[in-house]
Amino acid sequence: MKASNRVFNFFTFLMAIVPAVVLISIIVFVLYYSIPSIRYNSWSFFTTYLWNPGFQFQAPIMKHGVLAPAGSAFGLDLFLIGTLSTSALAILIAFPVSFLISLNVELYLPSKIKKVMISMIELFAGIPSVVYGLWGIVVLEPLLFRNVEPWMAQHLTFIPGFGGEIYSGAGLIASGIILSFMIIPIVTSIIVNSFDTVPMDVKDGLFSLGATKWEVGKYLMTSYSRASTVGGTLLGLGRALGETMAVLMVSGAVTNILPHNFYSAINTMAAAIASLLDSAFTDSTGMNLAALAELAIVLMLISLTVSLIGRKIAGRGVLRGYESD
Amino acid sequence: MRVTNSYVGKQEELKWKKVSTRKIKDKIANGLSYVVLGAMIAILASIFIYILNAGASHVTWKMLSTYGNTSSGGVLNAIVGTWMLVGMGLLFSIPPSLLGALYIVNAKSNGTISMAARLFTDVLTSVPSIVIGLFAYLVLVIKFGMGLSLVAGGLALSVMMLPYLLRIIEISFRNIPKEQIENAYALGADDIRVASRVYLPQAKVGILSGILLAVSISAGETAQLIYSAGFNNALPTGFLHSEVAYLTYVVWTGINEPTAYSHYVAFASAMILILSVTGLIIISKYIVRRK
Amino acid sequence: MNKSTIAIIAVVVVVIVVVGGVAAVYLGGKHNNQPAKVTLSESGSTLLYPVFNAWAGNYTNATITTLSTGSGTGISSALQGTVVIGASDAYMSSSTAAKDQWAMNIPIMISYQYIAYNIPGISTTLNLSGNVIAGIFRGTITNWNDTAIAALNPGVTLPNHAIVPVHRSDGSGDTFMFTSFLSKANATWNNQVSYGTAVNWPTVAGSETGNGNSGIISTMNSTPYSISYIAATYQRSVVADHFGVANLEDQNGQFVAPSVQSVSNAASHYLSQIPANGTVRLQYAPGSDSYPIADMEYIVVKQNQTSAAIASALQSFIQWAVNPNGGADSSYLQSFNLVALPSSVVQQVVGPLVNKITG
């Protein structure tokens, strides 16, 4: 083999491992920054919900061998609850919507219109986060606050958590809705693609047996496409967990007050990192920054796990509505 | 109610009932799916119409043609800066994604490494953007001394462009008929020749649509740029230590400021963003469809 | 048009964007014929951001770049040398300052804040005191018709309704100013909560939070019977949303309305107490007609700049910024409800600090 070819191949190898190097360095770096917080907070990081930056204008204290602002304490429960509940709501909305859309474009629509419809749904993934946030602030929040949530608080009181006072429209519902818009294209495209891989004679056979379209869809869903649907939903979930700017703008970004009903302001891990980062820089001991780094580590662990499981189940990776093998 | 004793009649009745509930279920699902699809299209349209309308009612020619910030002046610096950052991101992410994809599809490569490379690439897409921003700030901007700059911002963007580009390019390589590649090798071509004569020309449409997608996604990013690119009231004056303006910053900062003008430029920027990003996505889809 | 033509056109477009962008960098930097101007980069306080923007557009002796990141990032960036000027709503804590012997706070202007309330049916201006506000935010005064509030407002019929205190969820100079005022006015607050850009807020049933001033305003808007602190910069929103703005009790027991004059008075009355390093908590000032919730806005800079050119450009810029004929002109400050430093403070505090900057 010619030397030039060997050099070329080595070069392609170097480039192929670039993503791995970048990912590992980000993880190592964040882990390194979080060490003081891991020592200082220990398990209470996972068992408490108060996020107290401490007295920055007083002398720092020493605990577990690390310096921290007096009175500081960090627990991620509030942000964890927010991350999980917003993502859960997003999936709760996105899954049936995506399924019905897939069913519709697969079985009811002519194939020409089908492509146009799928492309339009995929545009949801192209709207920038901040634009979603802007729209959330000026359109969605007032709508929820004035029209939707008062109605819910009046008529859905039989469901626990749906009664009580409403907040400004920012919170779980607004965040869940916007997140669902971001993941509907991902889930839809996976379900549609898995429907497409079902052999024609299976569909035709079912129809010739007299099955209705709904029955065919349900059957395909629970047999051929089950894995990709579940996997696709998890991949969508992976995207929702890490979303920062849009959620920061419409969640209410609360700290230290647990949500008391579905209309309360909430906060998520990613949004909290973004909104607390600035004041963390004023902490001369670096503990606030370390705690945010630990938050980032936990968030990355969760979203990496979800993405990996989703990838395993679906047997494929998915890139914002664009599918890889 | 009169009860019929006829067994046949009962069965007929049951069958009729069963058929009818099935039909009704189908009708409901059918109707519901149209309602949901229609609702989503309507929501999409309403977001577009709202942003375009709000932007169009505040945008002026002066805003598009002058430099400025969220308090006064225009957004030309942010428009140009966005594309400079995106271009920088492409410069940093196209070479590794092209060559990395060549490694992954090359049959002679180590299979385990190829698989690991693909796995890490996929996982890299789920790193939250604010974490990339923090990483870029503490490592690139401060440790490596790049300052808030075009290069630091471009690198931060390339971290998120890279996985999308690499995987899409890889897929378009895989779509090339195997015989073509085997024939080329059989004719004695080495890897460089196969790459330049078969892979690249055959996959150019796929590569291009991947690039357009990466461009459209990164043009809409905010969190990693706040801590790596900064903002500039004019164009940057160098690659390092000179801040760069971009549109998402104008949206994010403008909407949180007290003056009416800052809200106007935020809406105008949102309009420009949404138009250019969706425009690129549509072009990229069109190119793929043409194929 | 076949696919390869489209592909080529698109590649050309991308190349033009990349190459054109990079070329523009050089042209942008090297096209000027006059000697290159020094760039003074600023980052930090969202409150000062609009003013720096206005300055950047009008100051001609140096190029000013501005960045709205928040005070903490501003301080950090200035100390790391990422930017020249870090704008901050609060001075550096002594432990932060101790880490860098060249770090320096310079007062640049004065900001103040409103104690705003959203009480349906109340159109009169309420009188409030530090003790009452501390009680509300500590949860010891929980109803609007509490005797402590009634005693300050004779003749006003206060509603029998629970108070909803609202505070910031993000770290902020506004929180520093507010909690510092309460610490000075109320000993219990000082002992239990103290002050800072973010504090351990006492748990009060029914309290709410907001992210940023705009978040506070949106929360208050949707929450009747709420009370919070809002930067005077946001006057436009406070007026538009019909919030009440309280008059606050000063050290003499008089109730003072927020105004440029009463804020400026506070700074003048504190003059003798401002140390050479400029760090002072301007709240609850002595003297008559001193509005009690005001604070110095600072820029954080390093004494040892990287070059003599930057150092002298920075000195001239700061001197211009605090000069009533320059950046402290009311045309810059008035629309944001910010107050210029009294000339006595400029001469006795800012001047000596600026002279310390070297290249």
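A, B, ... follow the sequence lines: proteins, then strands. Residue 1 opens every chain.
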- Message: Could you measure the distance from the OG1 atom of C/T66 to the CZ atom of B/F231? Nearest 0.5 Å is fine.
- Response: 7.0 Å
- Query: Would you say B/Y227 and C/S77 make side-chain contact, with heavy atoms under 4.5 Å?
  - Reply: no
- Within-4.5 Å side-chain heavy-atom neighbours: C/S68 and B/Y249: yes
- Message: Which one wins on heavy-atom pair count under 4.5 Å against chain B: C/N213, C/T82, C/T39?
- Response: C/T82
- Query: What pair of heavy atoms forms the shortest contact from B/S71 to C/P50, and how long is it?
  - Reply: OG-CA, 3.5 Å
- Can you tell me how far the CG atom of B/N232 sits from the OG1 atom of C/T63, to the nearest 0.5 Å? 8.5 Å
- Task: Return yes when atom CD of B/Q180 has more than 12 non-hydrogen atoms of other residues, nucleotides or ligands closer than 6.0 Å, and no otherwise.
- Result: yes
- Can you measure from OG (C/S76) to CG (B/L138) and round to the nearest 0.5 angstrom? 7.5 Å
- Task: Would you mind telling me which of B/G147, B/G230, B/G73 has the largest number of heavy-atom pairs within less than 4.5 Å of chain C?
- Result: B/G230
- CZ (C/R236) with more than 12 external heavy atoms under 6.0 Å: yes
- Query: Given that the side chain runs from C-beta out, which part of B/A234 has a heavy atom under 4.5 Å from chain C: side chain, backbone, both or neither?
  - Reply: neither
- Under 4.5 Å between any side-chain heavy atoms of C/I64 and B/N233, yes or no? no
- Message: For chain C, which candidate among B/A260, B/G145, B/S72 shows the most heavy-atom pairs at distances under 4.5 Å?
- Response: B/A260
- Note on the structure: The reported gap from OG1 in B/T259 to OH in C/Y234 (rounded to nearest 0.5 angstrom) is 9.0 Å
- Query: Is chain B contacted by the side chain of C/S335, its backbone, both, or neither, given a heavy-atom distance below 4.5 Å?
  - Reply: neither
- Task: Measure B/T70 against the heavy atoms of chain C and call it side chain, backbone, both or neither at under 4.5 Å.
- Result: both
- Task: Could you tell me which portion of C/V51 (side chain, backbone, both or neither) has an atom closer than 4.5 angstrom to a non-hydrogen atom of chain B?
- Result: neither
- Query: Which bit of B/Y67 comes within less than 4.5 Å of chain C, counting heavy atoms only: side chain, backbone, both or neither?
  - Reply: neither
- Query: Quick one: does C/Q80's side chain get under 4.5 Å of B/V141's, heavy atoms only?
  - Reply: no
- Query: Heavy-atom distance under 4.5 Å to chain C: side chain of B/E257, backbone, both or neither?
  - Reply: both
- Query: Out of C/T233, C/V83, C/T73, C/I217, which one racks up the most heavy-atom pairs below 4.5 Å with chain B?
  - Reply: C/T73
- Decide yes or no on side chain to side chain contact (heavy atoms under 4.5 Å, CB included) for C/Y49 and B/N69, but give the supporting numbers first. CA-CA 10 Å; C/Y49 179 66; B/N69 49 46; 4.2 Å; yes
- Message: Taking the side chain as everything from C-beta on, heavy atoms only, tell me whether C/T46 gets closer than 4.5 Å to B/N256.
- Response: no
